[in-house]
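Take a look at the structure below.
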Amino acid sequence: MSSQTARRPDNRQRSARATKAKKYTKQTAHVEARRDGKPLIFGWGGHLSHNEKNKIKRRAVWTSGVIFFLIIVLVLVGFWVNLNIVIPNLPITAVNGQNISQNEFRQLVAVKAQLEENKIKGPKGLTAQSDNLRNQVTAVQTTGNSLTTKANTLTKQLKSAPANQKAGLQSQLNSIKTQLSQAQSNFVTLQTQYQTLTQTTIPNEQQLFTQSQVGSESATWLQDNLLIQDWLAKQSSAVQAKVQPSAGSVNAAVRDMINSLPTSKNYNAFLSAARMNDADVHAMMTIIQRRTNMQNYLASQINSPTYQVEARAMTLATQPDANAILTQLRHGADFSALAKKKSVDTHTNSKGGDLGWLARGEYTLNDAQNVSGIVDNWLFDPARKANEISPVLKENGTYHVVQITAIDPSRPLDQGTMTALRNNALQGWLFSQRALPGTNVASVDQNKLNDSNNMPPNLPAAAPAASPTSVPGAGGVPGASGVPGASGIPGASGIPGQ
């Protein structure tokens, strides 16, 4: 019997794990240092590893962000600098090469506008004065009406009173007549003042309280201020002390401006709206005070007797005409005859061009319509001699030939002329300075002059339209057409207007 090795059944079931199909996943190791040969930008960078490329990308992103941020900051800073430093400091005009900045112009406009508003609308301004006068007129009218009623009552009593009472009643009536007469006089005076203030003074001030008026005047004042300062620098300390404003006077002027602000306004609100600080206000007030002091000083120098010249002049329309006249005069032609025949000045040609005796500034004030000092400067040059004839002098768009016929170093000056010259002392001096050889006053930049950014919010573009003003008390008193007690009172003899 043969033996056999026992075998396990071939059909036994294998385990699920043994029979599960095996899956294989191909994995490629990512090596950061490997070069893939792909360019990074514009064909460049193929030699860099993946890690190096990532570093460059991160740096590029951060750099771009920083640059973008810096550009925004620079734009904002540049805008601020341009708006607050560059533009404000651009010159609006210049005097002898000294620039006057737009910022300085804006500040003076703001201060001058506020001073003018104070004058019109301040607690003691013109509007307040007109309100006060209106109240006074109404009060006088009320008093007149009351006195009229009393007079009428006394008149009736007087008619029916016994003889022994008539004297006393008549005395009372006479007293009331006197009071009515005084009330009438007061009424007329107050009403006239009210009409003048509301129909003339206030409208005239409102014409000055406009952007064009204050702006133009401020630009001119800044030019004048440089001329004054240049002149002062060459004067003695005694003269400088009379013209340069002290800190105390400037402080007082600023305090007065603050105290005169309209009740609806305060100083901080003014500074904020004007984009100024207190130091700016003091600087502008110094300019205003210096100008006032200069006028006072120059006026004090005009006295009688004074240096005067006797002169005659011809005015010609063109340069060739003036040149021809000058040639004839230098060859001995008669000045008076030529003036009568050729001068276009209708005020003097019939007199042979005679101007009479002139003090310094008088020609500028009267004959040059206070707009130029060219002829005046020639007449009063210390080098002038009697019978000297001027070159052709261009002034006010016309051409002048002038001759000095006599010189008096100490000639009396009449009071009227002296007063006029004193009142115009600064203006005449400024025209003289502007006309000096070498003085260069640049024209004002009209774009900056009219820029709304340079105008304070309280300064109107134009004056208000004129409107009729009602007169208080007009027609409010019986029989008096607005004049209390003027008539209608029986027996009130002696009352004006009865």
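Checked against side-chain hydrogen bond (donor to acceptor under 3.5 Å, both in side chains), Gln213 has no partners two or more places apart in sequence or in another chain.
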Working for side chain to side chain contact (heavy atoms under 4.5 Å, CB included), residues Met418 and Thr306
CA-CA 10 Å; Met418 185 165 63; Thr306 188; over 6 Å; no
Would Asn349 and Lys342 count as a side chain to side chain contact (heavy atoms under 4.5 Å, CB included) here? Give the steps.
CA-CA 8 Å; Asn349 54 10; Lys342 299 291 186 179; over 6 Å; no
Residues Gln136, Asn186; criterion side chain to side chain donor-acceptor pair (under 3.5 Å); working and verdict
CA-CA 9 Å; Gln136 291 184 60; Asn186 291 343; over 6 Å; no
For the pair Phe431 and Asp376, evaluate side chain to side chain contact (heavy atoms under 4.5 Å, CB included) and give the outcome as yes or no after the intermediate values.
CA-CA 9 Å; Phe431 283 126; Asp376 213 297; over 6 Å; no
The test is side chain to side chain contact (heavy atoms under 4.5 Å, CB included); show your working for Ile92 and Val444 and say whether it passes.
CA-CA 6 Å; Ile92 186 172; Val444 177; 3.9 Å; yes
Set out, in order, the CA-CA distance, both residues' side-chain angles and the distance that settles side chain to side chain donor-acceptor pair (under 3.5 Å) for Thr348 and Asp345, then state yes or no.
CA-CA 6 Å; Thr348 62; Asp345 183 354; 3.1 Å; yes
Side chain to side chain donor-acceptor pair (under 3.5 Å) evaluation trace for Gln114 with Glu117:
CA-CA 5 Å; Gln114 190 57 61; Glu117 185 181 38; 3.0 Å; yes
One pair to check against side chain to side chain donor-acceptor pair (under 3.5 Å): Tyr307 and Arg360. What are the steps and the verdict?
CA-CA 8 Å; Tyr307 182 96; Arg360 185 171 192 112; over 6 Å; no
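Without hydrogens or angle criteria, Ser390 side chain to Val402 main chain gives a donor-acceptor distance under 3.5 Å. In this structure a side-chain-to-backbone donor-acceptor pair under 3.5 Å is missing from Glu362 to Leu421. Judged by distance alone, the side chain of Ser260 and the main-chain N or O of Met257 form no donor-acceptor pair under 3.5 Å. A donor-acceptor distance shorter than 3.5 angstrom exists from the side chain of Thr286 to the backbone of His282, with no hydrogens or angles considered. Distance alone, capped at 3.5 Å, is enough to place a donor-acceptor pair between the Arg106 side chain and the Ala274 backbone. A distance-only check finds a donor-acceptor pair linking the side chain of Asn259 to the backbone of Arg255 [under 3.5 Å]. Checking side-chain atoms of Asn387 against main-chain N and O of Gln403 turns up no donor-acceptor pair under 3.5 Å. A donor-acceptor contact shorter than 3.5 Å links the side chain of Gln240 to the backbone of Gln235. For Thr439 (side chain) and Ala435 (main-chain N/O), no donor-acceptor pair under 3.5 Å exists by modelled atom type. A distance-only check finds no donor-acceptor pair linking the side chain of Ser101 to the backbone of Pro91 [under 3.5 Å].
Between Leu413 and Ala359, the shortest heavy-atom contact is CD1-CB, 4.0 Å. Nearest heavy-atom pair, Val401 versus Ala322, reported as atom, atom and distance to 0.1 Å: CG2-O, 4.2 Å. The minimum heavy-atom distance linking Ala128 with Gly122 is given by the pair CB-O, 3.9 Å. Listed here is the closest heavy atom pair of Leu449 and Ala219: CD1-CB, 4.3 Å. Summarising the geometry of Glu395 relative to Ala368, their closest heavy-atom pair is OE1-CB, 3.7 Å, with the distance given to 0.1 Å. Smallest separation of non-hydrogen atoms from Leu222 and Phe105: CD1-CA, 3.5 Å.
With rounding to the nearest 0.5 angstrom, the CD atom of Glu104 is 12.5 Å from the CG atom of Asn454. Here the CD-CE distance, from Gln211 to Met455, works out to 5.5 Å after rounding to the nearest 0.5 Å. For the atom pair Ile202 CD1 and Gln129 CD, the distance stands at 8.0 Å (nearest 0.5 Å). Rounded to the nearest 0.5 angstrom, Ile120 CD1 and Ser130 OG are separated by 11.0 Å. A distance of 9.0 Å separates CD1 of Ile302 from CG of Asn423, quoted to the nearest 0.5 Å. Taking CG of Asn370 as the reference point, atom CG of Leu430 lies at 10.0 Å (rounded to 0.5 Å).
Within the 4.5 Å cutoff, side-chain heavy atoms of Phe69 are placed close to those of Val73. Counting heavy atoms from C-beta on, the side chains of Asn132 and Tyr194 never come closer than 4.5 Å. For the pair Trp378/Glu388, a side-chain contact is recorded, criterion being any heavy-atom separation below 4.5 Å from C-beta on. Val66 is listed as a side-chain neighbour of Leu70, based on a closest heavy-atom distance under 4.5 Å. Considering only heavy atoms from C-beta on, Tyr399 stays 4.5 Å or farther from Met314 through its side chain. Side-chain contact between Asn296 and Thr292: present, with at least one pair of heavy atoms (C-beta onward) separated by less than 4.5 Å. For the pair Asn424/Gln427, a side-chain contact is recorded, criterion being any heavy-atom separation below 4.5 Å from C-beta on. Side-chain contact check for Pro412 versus Asp414: every heavy-atom pair is 4.5 Å or farther apart.
For the pair Arg384 and Asp381, the salt-bridge criterion is met [side-chain N within less than 4.0 Å of a carboxylate O]. By the 4.0 Å N-to-carboxylate-O rule, Asp354 lies too far from Lys351 to be salt-bridged with it.
In this structure, a donor-acceptor pair under 3.5 Å is present between the side chains of Thr318 and Asp321. A donor atom on one side chain and an acceptor atom on the other are not found under 3.5 Å apart for Gln193 and Thr189. Side-chain contact of Tyr267 with Asp278: a donor-acceptor pair under 3.5 Å is present, judged by distance alone. Under the 3.5 Å distance criterion, with hydrogens and angles disregarded, no donor-acceptor pair is assigned to the side chains of Asn293 and Gln289. In this model, no donor atom of one side chain and acceptor atom of the other lie less than 3.5 Å apart for Thr201 and Asn204. Between the side chains of Arg275 and Asn453, no donor-acceptor pair is found at a separation under 3.5 Å. Side-chain N/O atoms of Thr93 and Gln223 include a donor and acceptor closer than 3.5 Å.
Ring geometry for His400 against Tyr363 counts as perpendicular: the plane angle is over 60°, on a 0 to 90° scale with 30° as the lower cut.
Enclosure of atom NZ in Lys119 is not indicated, since only 12 or fewer non-hydrogen atoms of other residues, nucleotides or ligands lie within 6.0 angstrom. Atom NZ of Lys242 is surrounded by 12 or fewer heavy atoms from other residues, nucleotides or ligands within 6.0 Å.
Applying the salt bridge (charged side-chain N to carboxylate O under 4.0 Å, His left out) test to residues at least two apart or on different chains, the pairs with a partner in residues 279-308 are Asp224-Arg291.
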